Amino acid sequence: MAQRLYLDHAATTPMLLDAREAMRAAIALWANPSSPHAEGRAARAALEGARKRVAAALDWPGELLFTSGATEAIRIALTRARCDAVIVSAVEHEAVHRAAPDAFFLPVQPDGTVAAHALEGRLGALGAERPLVAVQAVNNETGVRQPLDELAAVVRKAGGLLFADCAQSAGKLPLPDADLIAVSAHKLGGPPGVGALLVRDLGVLVASGGQEKGYRPGTENLPGAVAMATALEAGRGWVERAGDLRAHLDGAIEAAGGEIVARKAARLATIGSYRMPGVAASAQLIQLDLAGIAVSAGSACSSGTLKPSHVLAAMSLPEPHAREVIRVSFGPETARADIYRFVEAWKRIADGARARAA
């Protein structure tokens with residue numbers, strides 16, 4: 001039996017070997033970083049060392065608060081920022097929409113991007129003195145990259161704050177010019193259960209007391225923080241190689257009669273979103289899984305229900321078409337042979353569906 005092929009790295013990337021070893025060593029030496037004794041002080045020193053390493057790897061000059069992951073970082077940013085209104089793009093991760101249920105929605109264009117003029121119009125109509133605008137760097141379902149540099153200028157002109165969910169892009173792309181940024185370790189080869197909120201100026205957040213400079217109560221996950229730093233330091237050179245793999249996959253899918261979601265938009269090289277006309281995503285997932293290939297449909301946080309994607313709906317993709325879309329995502333060890341294997345399986349499914357419909 002062929003070895004299983006994992007192409008769902010946008011959901012989570014298996015921990016890198018170096019990160020696993022670093023975490024194992026940190027567990028062996030771990031103590032509560034808030035304890036005053038020698039063991040606690042040593043743990044504190046290791047934690048602060050990890051903080052500096054993560055910031056350096058991300059080239060972040062501001063503050064860094066460790067969290068339990070991107071979801072917690074998102075909630076802190078959206079519920080504790082000093083602002084008088086919140087605007088979120090229609091294609092944000094569901095964690096953003098849950099954290100800001102009363103936010104004003106910002107529509108996207110058919111390619112999934114936010115237009116600067118649309119943001120200007122929304123800000124002008126809202127008239128808030130200090131709005132918080134949440135726009136992700138990269139969409140987790142389609143890989144579409146938002147024009148954050150352009151949008152940041154619009155937000156600054158309005159006197160607002162920009163929050164960017166960089167769970168998919170951190171460690172793969174340079175960070176955007178944002179006031180608040182959420183990152184996640186397990187999306188880049190680190191462990192689950194740890195992430196960070198990057199803050200340009202802590203004064204924009206309401207403190208909560210406890211650890212992390214008073215902005216996040218709870219004992220810090222030192223082993224996770226050390227492993228996260230190690231994963232980031234492994235570098236992003238493999239992402240350039242992923243661009244060649246994704247271009248090859250795009251071409252093969254189109255040649256086989258498939259469609260690429262947001263074909264003309266700028267997209268992260270590690271994520272591809274594909275429609276197989278006439279075949280439900282659920283059927284594709286089952287058949288690919290039986291062929292030993294792991295992919296997903298939509299966000300991993302909601303794909304268990306296979307409900308219609310709010311991202312594809314916001315992009316004006318008809319629901320019957322949206323239900324035929326799957327996501328393929330690459331990791332550091334994905335190779336050209338893996339793409340060949342996936343394309344062969346995809347073609348078998350598509351050919352079988354066409355034969356039954358004939």
Side-chain angles (χ1 to χ4, degrees), residues 55 58-67 70-109 112-139 144-167 169-170 174-183 195-210 212-217 310-311 314:
L58 292 174
D59 194 24
W60 177 249
E63 303 285 350
L64 187 151
L65 307 176
F66 282 118
T67 66
T71 297
E72 185 187 12
I74 288 167
R75 180 164 291 279
I76 292 173
L78 294 182
T79 62
R80 303 229 305 272
R82 299 181 188 276
C83 63
D84 52 357
V86 178
I87 300 174
V88 304
S89 89
V91 294
E92 295 302 300
H93 191 282
E94 288 188 349
V96 171
H97 292 163
R98 287 195 300 267
D102 299 322
F104 296 91
F105 262 35
L106 182 63
V108 296
Q109 303 176 102
T113 60
V114 173
H117 66 82
L119 177 56
E120 287 177 334
R122 179 67 77 186
L123 288 168
L126 193 58
E129 291 187 8
R130 195 183 203 186
L132 173 67
V133 178
V135 179
Q136 61 198 176
V138 169
N139 185 263
V144 169
R145 296 172 58 177
Q146 295 290 351
L148 283 183
D149 288 344
E150 184 179 358
L151 300 179
V154 175
V155 175
R156 300 276 190 275
K157 184 178 179 180
L161 301 170
L162 177 62
F163 166 65
D165 171 9
C166 293
S169 63
L175 293 179
D177 178 22
D179 299 285
L180 299 153
I181 295 175
V183 299
L197 176 63
L198 312 184
V199 188
R200 193 171 298 282
D201 177 5
L202 283 175
V204 306
L205 289 179
V206 176
S208 63
E212 290 303 286
K213 304 181 182 181
Y215 289 88
R216 192 257 179 182
H310 74 278
V311 171

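These numbers come from a predicted model, not from an experiment.
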Quiz item: Can you list the residues that meet the side chain to side chain contact (heavy atoms under 4.5 Å, CB included) rule with Ala128, with sequence neighbours excluded?
Solution: Asp84, Ala85, Leu126, Pro131

Quiz item: Just how far is it from atom CG of Leu119 to atom CD1 of Ile87, taken to the nearest 0.5 Å?
Solution: 6.5 Å

Quiz item: So, does His93 use its side chain to make a donor-acceptor pair with the main chain of Asn139 at under 3.5 Å?
Solution: no

Practice problem: With sequence neighbours left out, write down each residue that passes side-chain hydrogen bond (donor to acceptor under 3.5 Å, both in side chains) with Gln146, or none if nothing qualifies. | Solution: none

Quiz prompt | Backbone of Cys166 reached by a side-chain donor or acceptor of Gln136 within 3.5 Å | solution = no

Quiz item: Nearest 0.5 Å, what's the CG-CG distance between Asp59 and Leu175?
Solution: 7.5 Å

Quiz item: Is any NZ, NE, NH1 or NH2 atom of the basic residue among Arg216 and Glu72 found under 4.0 Å from an Asp or Glu carboxylate oxygen of the other?
Solution: yes

Which atom pairs, donor and acceptor, lie under 3.5 Å between side-chain atoms of residues 147-161 and protein residues at least two apart or in another chain?
from: Arg156; atom 1: NH1; to: Asp179; atom 2: OD2; distance (Å): 3.0
from: Arg156; atom 1: NH2; to: Asp177; atom 2: O; distance (Å): 3.0
from: Arg156; atom 1: NH2; to: Asp177; atom 2: OD1; distance (Å): 3.1

Exercise. Output the distance between atom CZ (Phe163) and atom CG (Asp165), rounded to the nearest 0.5 Å.
Key: 5.5 Å

Self-check item: Spacing of OG1 belonging to Thr79 relative to CG belonging to Leu132, to within rounding of 0.5 Å
Solution: 10.5 Å

Quiz item: Would a 4.5 Å heavy-atom cut-off, applied to side chains only, mark Val108 and Leu106 as touching?
Solution: no

Exercise. Please tell me if the side chains of Pro107 and Arg122 come closer than 4.5 Å, counting only heavy atoms from C-beta onward.
Key: yes

Self-check item: Minimum-distance pair of heavy atoms, taken over all atoms of Ser208 and Arg80
Solution: OG-NH2, 3.3 Å

Quiz prompt | Whether Glu212 side chain and Phe66 backbone form a donor-acceptor pair below 3.5 Å | solution = yes

Exercise. Quick one: pull up CG in Leu198 and CG in Leu65 and give me the separation to the nearest 0.5 Å.
Key: 8.5 Å

Self-check item: Thr71 to Ala95 - nearest heavy-atom pair and separation
Solution: OG1-CB, 4.0 Å

Quiz item: Out of curiosity, Ile74 CD1 to His97 NE2, how far, rounded to the nearest 0.5 Å?
Solution: 10.0 Å

Quiz item: Is Val86 close to Phe104 at the side-chain level, that is, under 4.5 Å between some pair of heavy atoms?
Solution: no

Practice problem: For residues Ala77 and Ala81, report the shortest heavy-atom separation together with the two atoms involved. | Solution: O-CB, 3.1 Å

Self-check item: Nearest atoms (heavy-atom pairs only) where Leu205 meets Tyr215
Solution: O-CE2, 3.5 Å

Quiz prompt | Closest contact, heavy atoms only, Leu197 versus Ala182 | solution = CD1-N, 4.5 Å

Exercise. Carefully, step by step, assess Val114 and Val91 under the rule side-chain contact (heavy atoms from CB on, under 4.5 Å).
Key: CA-CA 9 Å; Val114 173; Val91 294; 5.7 Å; no

Practice problem: Using a 4.5 Å cut-off on heavy atoms from C-beta on, say whether the side chain of Leu180 contacts that of Arg200. | Solution: no

Quiz item: Would a 4.5 Å heavy-atom cut-off, applied to side chains only, mark Val144 and Val138 as touching?
Solution: no

Practice problem: Any chance you could lay out the side-chain contact (heavy atoms from CB on, under 4.5 Å) test for Arg130 and Val204, step after step, and finish with the verdict? | Solution: CA-CA 11 Å; Arg130 195 183 203 186; Val204 306; 3.5 Å; yes

